[in-house]
2 protein chains.
Amino acid sequence: MPFDLLLNNVSKYIHLDSAEKEIFLSFLQPKHIKRKQFILNDGEICKNSVFVTDGCLRGFTVDKNGIEHVLSFAPPGWWIADMYSLISQKPGILNIEALEDTESIILSKINQEKLYHEVPKFERFFRILTENSLVANQQRIVDNMSLTAEERYSIFCKRYPTLIDHLPQKQIASYVGVTPEFFSRMRSEMIRKRA
Amino acid sequence: MPFDLLLNNVSKYIHLDSAEKEIFLSFLQPKHIKRKQFILNDGEICKNSVFVTDGCLRGFTVDKNGIEHVLSFAPPGWWIADMYSLISQKPGILNIEALEDTESIILSKINQEKLYHEVPKFERFFRILTENSLVANQQRIVDNMSLTAEERYSIFCKRYPTLIDHLPQKQIASYVGVTPEFFSRMRSEMIRKRA
DNA sequence: CGCATTTCTTAATCTACATCATCTTTCCCG
DNA sequence: CGGGAAAGATGATGTAGATTAAGAAATGCG
């Protein structure tokens, strides 16, 4: 069952009996996403929370010079959405794209509201997810103002250990906030230092 | 009445009849804050939302090298709090300090909850404040990754027009994310260009 | 399997911003 | 209102990371 990963994720924060699990599962929809396929474009209203069970998604914005900036990755076991747009139901700034063929589970905004009515303890669960995204954003602002690229890379490594040797370097570079060229040079210097 | 500014602020988002206004006001507490006085320290749990009616507060973090990074200002008409800590009631990372003698209105977390029960439409109001802080943080991450110091300064100017010639330059520099020396140089060059 | 496209590496040069030092100006508290 | 501290200006020098260019390696798709 690919839903096991999701149930595990939920049970980190709230306990569900089997009736509640049933209700939860009835609101979910599995979705296969092909490599390079977009499931959200900037300017759209975000209608879904997406939980990845296999593969990997990325959330990114495009600045006025056409440069992409990766704000988050979603490997298996992670949720992804444009939190602002999802909450406010106003147009967002995030694009969400599959970096490889990906299996996911969709919880629509509408079903999320229904779920709150039928199993109120899910309010707690999604409140915690929102808090986590808040704290991550706050921390990221500070990190970008005070840390070097190398330090930011090591934060990436802690946050996404499974992605380190798994993702195109240019995606990691974009998350860390440097050019692919500099990132390549930086990595080879880090290896040299360690040797 | 210094509460007028606050009632105006609230009525931008929700309409209150006079009974509801009464209830709201009964939960508030005016507070005078002296220049250089802290009303929140990092590591503490944030217990209050603070609305400024006169003067100015700043929210900032201190990095591992002891350098301060200003995340937000609160001139008259603005709310300030460590949103993450306020919502989660866990220790936060923000310090909040008065940049000059300041008049403010305090709404404690506890009273905020009571207010939700007595006047539920305040849920909408504070939800919107939370959304605004979310979108501001998201935008700030992108801005810091893609804009020059000069562009970030012009965003500061739009966001806080009343503060431009009113605040120590080093505070603005810290918000923009540059050293005071570079900020001084940058400003004199911007003036030269315009002349 | 093989070719095209994407990704990675390395090098030279460039630039935005930091750091350090010194001097001047402003401001605030006794 | 006067003196001391904080803030600001300006110059010289240092550096993290960008840009451009060009070749090598990897990868995905027909």
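These values consider heavy atoms only, across backbone and side chains, with no hydrogens, waters or symmetry-generated copies. Order of the sequence lines sets the chain letters (A, B, ...), proteins ahead of strands, with each chain counted from 1.
Using a cutoff of 4.0 Å between basic side-chain nitrogens and carboxylate oxygens, E113(B) and K109(B) are scored as salt-bridged.
Listed by chain and residue number, nothing satisfies the salt bridge (Lys or Arg N to Asp or Glu O under 4.0 Å) test with E44(B) (two or more places apart in sequence, or in another chain). For E68(B), the salt bridge (Lys or Arg N to Asp or Glu O under 4.0 Å) partners two or more places apart in sequence, or in a different chain, are R58(B).
Within residues 151-175 of chain B, the residues that have a heavy atom under 4.0 Å from DNA chain D are, in order of number, P168(B), Q169(B), K170(B).
E150(B) places its CD atom 16 Å from the P atom of dT15(C), with the value rounded to the nearest Å. Rounded to an integer number of Å, the gap from E189(A) CD to dT15(D) P is 14 Å. When rounded to the nearest whole Å, the span between CG of L147(B) and P of dA16(C) equals 14 Å. What separates CG of D63(B) from P of dA18(C) is a distance of 13 Å, to the nearest Å. Remark: P of dA6(D) and CD of E100(B) are 18 Å apart, rounded to the nearest angstrom. Atom CE of M145(A) is separated from atom P of dA18(C) by 11 Å (rounded to the nearest Å).
Shown here is K121(B), whose NZ atom has more than 12 heavy atoms of other residues, nucleotides or ligands within 6.0 Å. For I110(B), the CD1 atom is loosely surrounded, since the number of other residues' heavy atoms within 6.0 Å does not exceed 12.
Nucleotides of DNA chain D nearest to V178(A) and R187(B) differ in position, and the one nearer the 5' end is that of R187(B). Along DNA chain C, the nucleotide nearest to M186(B) and the one nearest to S188(A) differ in position, and the one closer to the 5' end is contacted by S188(A).
T61(A) contributes no side-chain N or O that, together with a main-chain N or O of L94(A), makes up a donor-acceptor pair within less than 3.5 Å.
Side-chain atoms of S184(B) lie closest to dG8(D) of the nucleotides dT9(C), dG8(D), dA18(D).
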- Note on the structure: For nucleotides 19-30 of chain C, 5' to 3', base contacts (B), sugar-phosphate-only contacts (S) and non-contacts (-) with protein non-hydrogen atoms under 4.0 Å give BB-------SS-
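Within the structure, every pair that satisfies the side-chain hydrogen bond (donor to acceptor under 3.5 Å, both in side chains) test and touches residues 131-149 of chain A, not counting sequence neighbours, is listed here: R127(A)-E131(A), Q139(A)-D143(A), T148(A)-E151(A).
Annotation for I155(A): hydrophobic cluster partners, listed by chain and number, are L147(A) (ILVMFWY side-chain heavy atoms under 4.5 Å, direct or chained).
Taking each heavy atom of N48(B) and S108(B) in turn, the nearest pair found is OD1-CA, 3.3 Å.
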